[in-house]
Participant: 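The structure under discussion is supplied below as structure tokens; questions concerning it will follow.
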Amino acid sequence: MKNRHIFAIAAVMMAIACSAQPSHTSSMQEKLNAFVESKEYNVQKLSYSKDGFNVYQFAQQFAMEEEPPDDFYGPLFTPRMMDLERAYRTETVNAKTIYIHDASDGDSPLPGVKFQFKIDDLHPMTQQVAFDLNKNIRLISFEEPDGKIYALLLMWDQTIDPDKTIGNVFLMDGTIYEISGYKLDDRPFIAHYKPKAPESEGMAFDAQIKYGTTPDEMTVDVFMAKVKRTCEIFQRETPQGQMAAGVVLNKTCNAFTGQLTQQQYYDLLSCIQPLVDNEKNENLKSILAYSCYLIYKKSEIFEGDRETDVTHASAGTSETTTSQVSKTIVYNSMLMNELVEADMVECQISGSAQLSGKEVAVRRDVTLELMGTFPVVGGKFSFTCKLPKNEICKIYLDNRDAVSFYTDGKPINVDMENLTVRSDKASQKINDFLQLVERERLDELHEGDSMKKAKINRQRGERLLKAVRENRDNILSAFALSQVYTEMSYEELKPYLNDDYAFSHHILLSPMREYMEGLEKRKPGTHYVNLELVDTKGRPHQLSEYIGKGYVVLHFWHGLGGYGYRIHPSMETVYDTYHSRGVEFVTLAFNFGVQGWREEVELRHLPWPQLMPDPDTSQRDAAAAYGIRSYPELIVIDSKGTIVACPRNVEELSSVLDKLK
């Protein structure tokens, strides 16, 4: 422990000078407010009272480009947090209570502290905070002239996880307690306390967000139980509690040293992946996604780290969701991240940029792996780097504007100010097309009028389909296919999987190949697969209950919002038309939290059966039974249990039902 002992003479000198300076409490509050407002580490405020007791939580995960030295010990502070931490040390000369502990010193000798205070005579408060092992701790309190006492407690932890495949991943998380009030009766304002032993083995988790230590070794059963328990806690917590639960999950997965079977891996993935898919906070989403990757690494299907010439990429999850023209796709991104092309080509790249430009970065388009960063000097840049051959890569100026090019080994010259390629016709064509499609995508995103939005969407889809047909001999067709394959029928896609198509095995089309495998499982003539389901009240059902009386429309819905939600008004129209003719409709929900799903169903008042796979079974297995890799999806089953059609959209569903007798 590094306690700072201050000489009395220094305190006297500071007391004399303080009359001309802001109060020390104000100084600390200023630094805290600057840190909170900066949003560094995704800091969030949880207020218990207006003035007396506030809690701030923060967490951040990102990839580090360079491997830290063996003797590295952070902290990797961002500027505002560094200002806050320095303020703690500077203000120790004025503080009544000081406690500074660095995790590098070993375990904290104090188990925790108890704050006993009152905001006023009507509001007495006692708050206990646990100190976990190896957590950095800064505690400081001041006595004000009006008798009030102000205290700040900062606790944080950091982890660096070296990984040859995706780079070094840094995780920082912590909590700040801000307390302001008077002594409670004659009790000390801050007292040490010994927390009670947890009722059950494992992590303690309560409203104050305490992290229990994880044993050095866990059995597979204990590990799986902890992951599932943390996922359950996550789904019922507040946003602040979810951030804490996400960090707990990440650390638990990182601490596990055993190996999972393939089935155990998929079992845990079915618990974590829905949290990833539903999470709107991008920072928390990345923390959850990295937990998926950690359990993948600790499963028997992980093939091991491999040395490559490629600069480390950011952390990724085992599954990725992306948007096509009218569907949300779920595909196995680990396949793409692991398939680093062995065939590399040296590329000479030069160009011009705005004089204010600082650096350009080169990334693979398909996985966004960072291939290198290079300086811009006087508005010019020139460099040579090795890139995967026959792929599309992008050059970013200061992580914003991007130009696309084709890695065929020919010299590339770009104009970053106008976002154009000035050499190599293949790259010019690719960049011009990608710039146009991206402008249309952004126009659609920002358009408020639904009719105009739909028109832009159709135009973009038609442009991509045209590019597929007219560029079969070049990479542009593969790119367009990767954006629009869900708009094409099974028969239309088959020729692009044949060996006579030069890009049939290209990495761009990895998701499409997965999608086609799914179409095989539900193609017309295939018998339906029974599923164990539950309704919104938790009552069990079998899919077979709805088969045999007439035609059944299965609607697969994913908890990602977007396209999956837009289909509902059109589905209600089709339901109103055909249900009276004996057609049954059943919606199956995937990747929702149970409570979130129930709320969505209640909100939308959908009149047909709303079901989801039994939580005690694997949602992944249920989706895999029908090869579902995109949402929304529709399947029509006849009275004999045979799949008769897989309409691509509601309009096509109406056409199919019109033809059925």
Side-chain angles (χ1 to χ4, degrees), residues 1-5 28 32 35 41 43 46 48 53-59 73-75 77 81 84-85 87-89 91-92 95-117 125-142 149-159 171-181 184 187-216 230 240-241 243-252 254-255:
M1 183 180 69
K2 299 176 182 174
N3 286 316
R4 306 315 194 243
H5 299 288
M28 292 300 295
L32 175 60
F35 175 58
Y41 305 119
V43 64
L46 176 62
Y48 283 86
F53 182 54
N54 294 310
V55 179
Y56 305 83
Q57 293 177 260
F58 57 92
Y73 174 74
F77 282 150
M81 185 174 176
L84 179 61
E85 201 275 341
Y88 270 94
R89 295 180 180 273
E91 293 293 342
T92 55
K96 176 186 177 185
T97 301
I98 307 164
Y99 181 73
I100 297 179
H101 171 76
D102 294 323
S104 58
D105 297 329
D107 296 346
S108 166
L110 297 181
V113 295
K114 179 188 295 184
F115 295 96
Q116 297 174 315
F117 68 104
M125 295 183 69
T126 298
Q127 181 66 31
Q128 294 180 343
V129 180
F131 290 172
D132 292 325
L133 302 180
N134 300 319
K135 187 159 292 235
N136 296 276
I137 301 165
R138 306 285 187 266
L139 170 63
I140 192 167
S141 73
F142 303 94
I149 305 178
Y150 177 83
L152 274 180
L153 170 61
L154 165 63
M155 300 190 298
W156 80 88
D157 191 12
Q158 60 187 38
T159 304
L171 173 65
M172 164 80 83
D173 73 281
T175 308
I176 300 174
Y177 293 85
E178 182 185 26
I179 299 97
S180 181
L184 183 58
R187 304 176 200 171
F189 178 65
I190 301 175
H192 299 166
Y193 91 102
K194 184 176 182 180
K196 296 179 181 179
E199 295 180 3
S200 58
E201 182 182 356
M203 295 172 292
F205 190 97
D206 62 22
Q208 282 73 53
I209 318 304
K210 299 174 185 175
Y211 305 118
T213 58
T214 304
D216 292 336
T230 306
Q240 291 81 10
M243 177 63 75
V247 172
V248 170
L249 180 65
N250 187 286
K251 292 184 177 182
T252 302
N254 193 46

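What you see below is based on every heavy atom in this structure, not just the backbone, and it leaves out hydrogens, waters and symmetry mates. In what follows, residues are counted from 1 in the order of the sequence shown. Since the model is a prediction, treat every value here as computed from it, not as a measurement.
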Participant: Would I176 and L84 satisfy side-chain contact (heavy atoms from CB on, under 4.5 Å), going step by step from the backbone distance to the final call?
Facilitator: CA-CA 11 Å; I176 300 174; L84 179 61; 3.8 Å; yes
Participant: At what distance, to the nearest 0.5 angstrom, does CG of D157 lie from CD1 of I137?
Facilitator: 10.5 Å
Participant: Should the ring pair F189 and F115 be called parallel, tilted or perpendicular, given that the plane angle runs from 0 to 90° and is split at 30 and 60?
Facilitator: perpendicular
Participant: Which heavy-atom pair separates S180 from Y150 by the least distance, and what is that distance?
Facilitator: CB-CD1, 4.0 Å
Participant: Run the side chain to side chain donor-acceptor pair (under 3.5 Å) test against Y88 and tell me which residues pass, sequence neighbours left out.
Facilitator: none
Participant: Check whether R138 reaches the backbone of H101 with its side chain - one donor and one acceptor, N or O, closer than 3.5 Å.
Facilitator: yes
Participant: Taking the side chain as every heavy atom from C-beta outward, state whether L153 and Y99 have any pair of such atoms under 4.5 Å apart.
Facilitator: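 Side-chain contact under 4.5 Å: no.
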Participant: Supply the atom-to-atom distance I140 CD1 to K96 NZ, rounded to the nearest 0.5 angstrom.
Facilitator: 13.5 Å
Participant: Is any side-chain heavy atom of I179 closer than 4.5 Å to one of M125?
Facilitator: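 Side-chain contact under 4.5 Å: no.
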Participant: Calculate, to the nearest 0.5 Å, the distance between atoms NZ and CG belonging to K114 and L184 respectively.
Facilitator: 10.5 Å
Participant: Is the shortest side-chain heavy-atom distance between I100 and E85 below 4.5 Å?
Facilitator: no
Participant: Are side-chain heavy atoms of Y56 and L32 found at a separation under 4.5 Å?
Facilitator: yes
Participant: Parallel, tilted or perpendicular: which one describes the rings of Y177 and F53, with boundaries at 30° and 60°?
Facilitator: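 Ring orientation of Y177 relative to F53: parallel.
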Participant: Is there a side-chain contact between T97 and I149 (heavy atoms, below 4.5 Å)?
Facilitator: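 No - every pair of side-chain heavy atoms lies 4.5 Å or more apart.
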Participant: So which heavy atom on M155 is nearest to which on F58, and how close?
Facilitator: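 Residues M155 and F58, closest heavy atoms: O-CZ, 4.2 Å.
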Participant: side-chain contact (heavy atoms from CB on, under 4.5 Å) between D173 and K135: does it pass, once the steps are laid out?
Facilitator: CA-CA 10 Å; D173 73 281; K135 187 159 292 235; 4.1 Å; yes
Participant: Can you list the residues that meet the side chain to side chain donor-acceptor pair (under 3.5 Å) rule with T126, with sequence neighbours excluded?
Facilitator: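 With sequence neighbours excluded, T126 shows a side chain to side chain donor-acceptor pair (under 3.5 Å) to no residue whatsoever.
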Participant: Any side-chain heavy atom of I190 within less than 4.5 Å of one from L139?
Facilitator: yes
